[in-house]
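Values below: every heavy atom of this structure, side chains too, minus hydrogens, waters and symmetry copies. Model, not experiment: these values are computed from the prediction. All chains are named by letter (A, B, ...) in the order of the sequence lines, taking the proteins before the strands, and each is independently numbered beginning at 1.
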Protein chains: 4
Amino acid sequence: MAKNKKNKIIATSTKLFAVQGFDNTTTLQIAKESGVTEPLLYYHFKGKEEIFTDIIQRIFDEYSTLFETLPKDTQNEFEKISNLFKLHISLAESRPHDGRLIMANCPSKLKNDRHICQEVVNRQHEMITSYLREALEKGNASGEFDAHPVEDLIIVILCLINGILRKKLLGKKEATSYEFSAIEFCRRALIPNK
Amino acid sequence: MAKNKKNKIIATSTKLFAVQGFDNTTTLQIAKESGVTEPLLYYHFKGKEEIFTDIIQRIFDEYSTLFETLPKDTQNEFEKISNLFKLHISLAESRPHDGRLIMANCPSKLKNDRHICQEVVNRQHEMITSYLREALEKGNASGEFDAHPVEDLIIVILCLINGILRKKLLGKKEATSYEFSAIEFCRRALIPNK
Amino acid sequence: MAKNKKNKIIATSTKLFAVQGFDNTTTLQIAKESGVTEPLLYYHFKGKEEIFTDIIQRIFDEYSTLFETLPKDTQNEFEKISNLFKLHISLAESRPHDGRLIMANCPSKLKNDRHICQEVVNRQHEMITSYLREALEKGNASGEFDAHPVEDLIIVILCLINGILRKKLLGKKEATSYEFSAIEFCRRALIPNK
Amino acid sequence: MAKNKKNKIIATSTKLFAVQGFDNTTTLQIAKESGVTEPLLYYHFKGKEEIFTDIIQRIFDEYSTLFETLPKDTQNEFEKISNLFKLHISLAESRPHDGRLIMANCPSKLKNDRHICQEVVNRQHEMITSYLREALEKGNASGEFDAHPVEDLIIVILCLINGILRKKLLGKKEATSYEFSAIEFCRRALIPNK
DNA sequence: AATGAATGAGAATTCATTCAT
DNA sequence: TATGAATGAATTCTCATTCAT
């Protein structure tokens with residue numbers, strides 16, 4: 001019963017923060033849409049900010065877990081990159097609120113370097129970066145990829161993934177399945193033609 | 001004298017909205033940092049929202065003007081695409097507040113379809129889209145590009161540009177000049193190897 | 001405890017609205033004189049206007065209840081009219097704030113046809129009108145009254161009652177008990193001399 | 001030209017104060033609807049309150065002038081009373097804004113004994129009172145009227161006139177010409193049947 | 001006589017948070 | 001766990017009035 005209400009608060013807050021933004025969501029609104037009263041929010045959380053923090057933490061934990069499941073040994077290195085795209089695309093589809101919450105609220109939190117938003121974004125950045133670095137270095141070494149500077153490529157690919165997520169989460173629906181075109185686009189940019 | 005103060009209000013608001021977000025910026029703060037009193041904001045603008053609206057409008061007008069200056073006849077079609085990247089990269093560098101303001105505030109305004117944010121984002125989207133469509137179709141026709149489906153490519157390139165802007169505007173500085181690597185990345189994805 | 005404070009707010013507001021007028025009464029003043037803080041006003045009422053609305057409603061409800069207690073069977077019809085005068089006179093004496101609040105604030109609210117002021121004034125008007133109509137018609141039929149046109153008489157008597165109330169509520173005290181002279185005045189105008 | 005604008009300000013203010021009330025009318029609104037700017041208001045008047053004061057003064061001056069024109073020698077005393085009714089009725093019809101302004105704004109000004117509203121109302125009260133006193137005393141002496149106590153009658157007739165004015169100015173239109181029924185009503189109350 | 005620009009004082013309202021129970 | 005009542009601190013906005021010209 002108790003867990004129930006706490007979870008309801010988290011779910012409601014996630015949705016509201018994602019759709020309206022943190023600043024535009026009031027504690028009263030969270031309480032009402034969760035079917036509880038405001039003081040209960042303060043029983044379960046230290047304050048509005050902590051609800052947000054907890055959500056971010058949860059999102060990142062789930063993300064990390066999924067990230068760990070990416071197969072370590074693949075037929076070739078590009079498959080790893082392709083898997084990275086697919087993971088993010090599928091996340092954006094299965095948990096749209098989570099992604100939107102990050103996209104819409106983190107920017108304005110970025111003034112504060114110590115903010116958990118920043119911290120989590122950094123950690124995620126490191127995870128992806130080192131994942132990509134390994135793949136690109138191995139691919140360059142094996143001749144699978146044209147030997148382009150790795151650090152630059154990492155960032156470019158990261159930008160592409162982020163751009164696609166931003167579009168999926170905040171933009172309008174598109175008729176074409178551009179997500180997979182993006183993977184092919186990336187493949188052509190990395191792999192030399194015979 | 002008069003124009004001075006109004007312009008100061010606009011400049012201050014642009015900076016504050018960009019750095020802190022619209023909701024986190026108070027009219028008192030705008031007034032103080034502009035060296036005026038609050039009521040003057042209401043003399044020059046209908047309200048806080050109108051300050052925002054005016055800024056968005058100005059940003060879009062300047063953007064449109066610059067967009068028009070993109071050279072129509074280039075040696076090849078990829079140069080057009082390259083110019084598009086360069087235009088946005090240089091804008092992000094020369095007017096960081098403008099870009100940050102859009103990136104950080106528009107998402108949370110997007111719930112409202114009629115909001116000027118939405119409107120402006122749509123118009124900009126159309127401009128870039130038709131610009132890219134023309135270049136890609138011509139390039140495909142002339143054999144300059146590998147003949148990939150145009151509509152998908154448009155979106156992918158758009159996502160890449162947006163991803164780069166997002167990184168430049170909201171992310172941390174990077175040592176490498178990834179922006180130009182992105183152009184090369186794009187070139188390899190479009191132009192067939194001999 | 002809780003009801004206490006809400007009632008204090010209502011009582012204070014009634015007094016202030018009556019004495020100073022709605023527009024001249026601030027929420028801060030209501031709060032201070034009620035011994036509460038401003039936000040509590042907004043906890044119990046939607047806003048300043050709703051405090052007013054609630055008061056008007058309460059006044060009308062009490063008025064209606066009293067109106068119902070007017071005896072239906074009297075020795076003659078003029079007694080009914082006399083009772084109507086007495087009811088209003090005694091109300092003006094026992095609840096001066098209520099009457100003053102209506103007299104002083106409703107006029108400026110009358111531009112809006114849908115305002116509760118208008119609505120309540122109309123309903124009260126109907127109650128009195130039909131009460132008078134019945135008495136006058138019966139009195140005319142029985143020969144108790146000189147047979148003057150009923151609809152005109154209704155309005156004239158209504159005007160007289162209103163004029164007296166206005167004087168009692170907004171004017172200065174008079175030495176003479178003109179209220180009862182008004183009843184006699186009315187009697188002479190209605191009842192034929194032998 | 002100059003007088004023109006000042007008069008426009010007075011006319012506009014009279015209308016606005018009458019329709020919306022003093023407190024609900026802003027100086028900006030007065031300025032705009034008068035086709036001038038706010039500072040001009042302060043060139044011609046000391047402030048908003050003085051505009052009001054001037055209007056009240058003008059209304060009273062015009063009223064006094066008209067009051068003086070009431071014929072001193074009439075066929076009988078009741079004609080004087082009848083003339084008093086007619087004067088007020090015709091004033092309410094010819095200058096509705098003036099009457100409404102007084103009716104709607106003076107009550108809330110009455111807390112202040114020294115306010116011009118109070119002063120003017122008092123002076124008008126005296127004028128009518130002494131006018132009525134003379135007529136009633138003479139009529140009583142000559143046997144034209146039933147000999148009822150004069151002071152009471154004065155107040156009752158005053159209340160009736162005020163009630164009718166209030167109805168004409170603030171109430172809804174009525175089909176019947178109750179104003180003249182009121183005079184007849186009064187006549188029957190004063191003059192003995194043979 | 002007239003105005004564009006500016007302001008001090010205060011208005012209604014909101015919000016995250018807490019207290020007593 | 002849970003809540004009805006309450007509040008300190010802001011927030012957006014308005015208004016009568018004034019200044020410089």
Measure the distance from CD on C:E49 to P on E:dA11 and round it to the nearest whole Å. 17 Å
Mapping A:T37 and B:P39 to their closest nucleotides on DNA chain F, which lands nearer the 5' end? A:T37
In plain terms, say whether B:K8 and B:E33 are close enough for a salt bridge, that is, a side-chain N and a carboxylate O under 4.0 Å apart. no
Euclidean distance, atom CG of residue B:L16 to atom P of F:dT11 [Å, nearest integer]: 13 Å
Whole-Å distance, D:Y42 OH to F:dA16 C1', equals 4 Å
Lys/Arg N to Asp/Glu carboxylate O, A:E38 vs A:K32, below 4.0 Å: no
Round to a whole Å and report the spacing from CG of B:N24 to C1' of F:dT12. 15 Å
Looking at every strand, decide which applies to D:T27 at a 4.0 Å heavy-atom threshold: base, sugar-phosphate, or nothing. base
Nearest-Å distance, CD (B:Q29) to P (F:dT11)? 8 Å
Would you tell me if any nitrogen or oxygen in the side chain of A:Y43 comes within less than 4.0 Å of OP1 or OP2 on F:dA2? no
Atom-pair distance (CG on D:L41; P on E:dA1), nearest Å: 14 Å
Rounded distance (Å) that lies between atom P of F:dA6 and atom CD of A:E38: 15 Å
For the residue pair A:F22 and A:F52, categorise the inter-ring angle as parallel (less than 30°), tilted (30 to 60°) or perpendicular (more than 60°). perpendicular
Supply the atom-to-atom distance D:I56 CD1 to D:C106 SG, rounded to the nearest 0.5 angstrom. 4.5 Å
Of the options E:dA6, F:dT7, F:dT3, whose atoms approach the side-chain atoms of C:L40 most closely? F:dT7
Side-chain N or O of C:H44 closer than 4.0 Å to phosphate OP1/OP2 of F:dG4: no
Do D:E49 and D:H115 meet the criterion of a side-chain donor-acceptor pair at a distance under 3.5 Å? yes
Please state whether the phosphate of E:dA1, meaning OP1 or OP2, lies under 4.0 angstrom from any side-chain nitrogen or oxygen of D:K5. no
For C:T25 and for A:K48, find the nucleotide of DNA chain E with the closest heavy atom, then tell me which residue's nucleotide is more 5'. C:T25
Identify all stems in which DNA chain E takes part, counting only runs of at least 3 consecutive pairs (Watson-Crick or G-U wobble, each distance under 3.5 Å), and give each as one range with another, ordered by first number. E:2-21 with F:2-21
To the nearest 0.5 angstrom, please state how far the NE2 atom of D:H97 sits from the CG atom of D:L169. 11.0 Å
I need the D:L40 CG to D:F45 CZ distance, nearest 0.5 Å. 9.0 Å
C:K46 NZ - E:dA12 C1' separation (whole Å): 15 Å
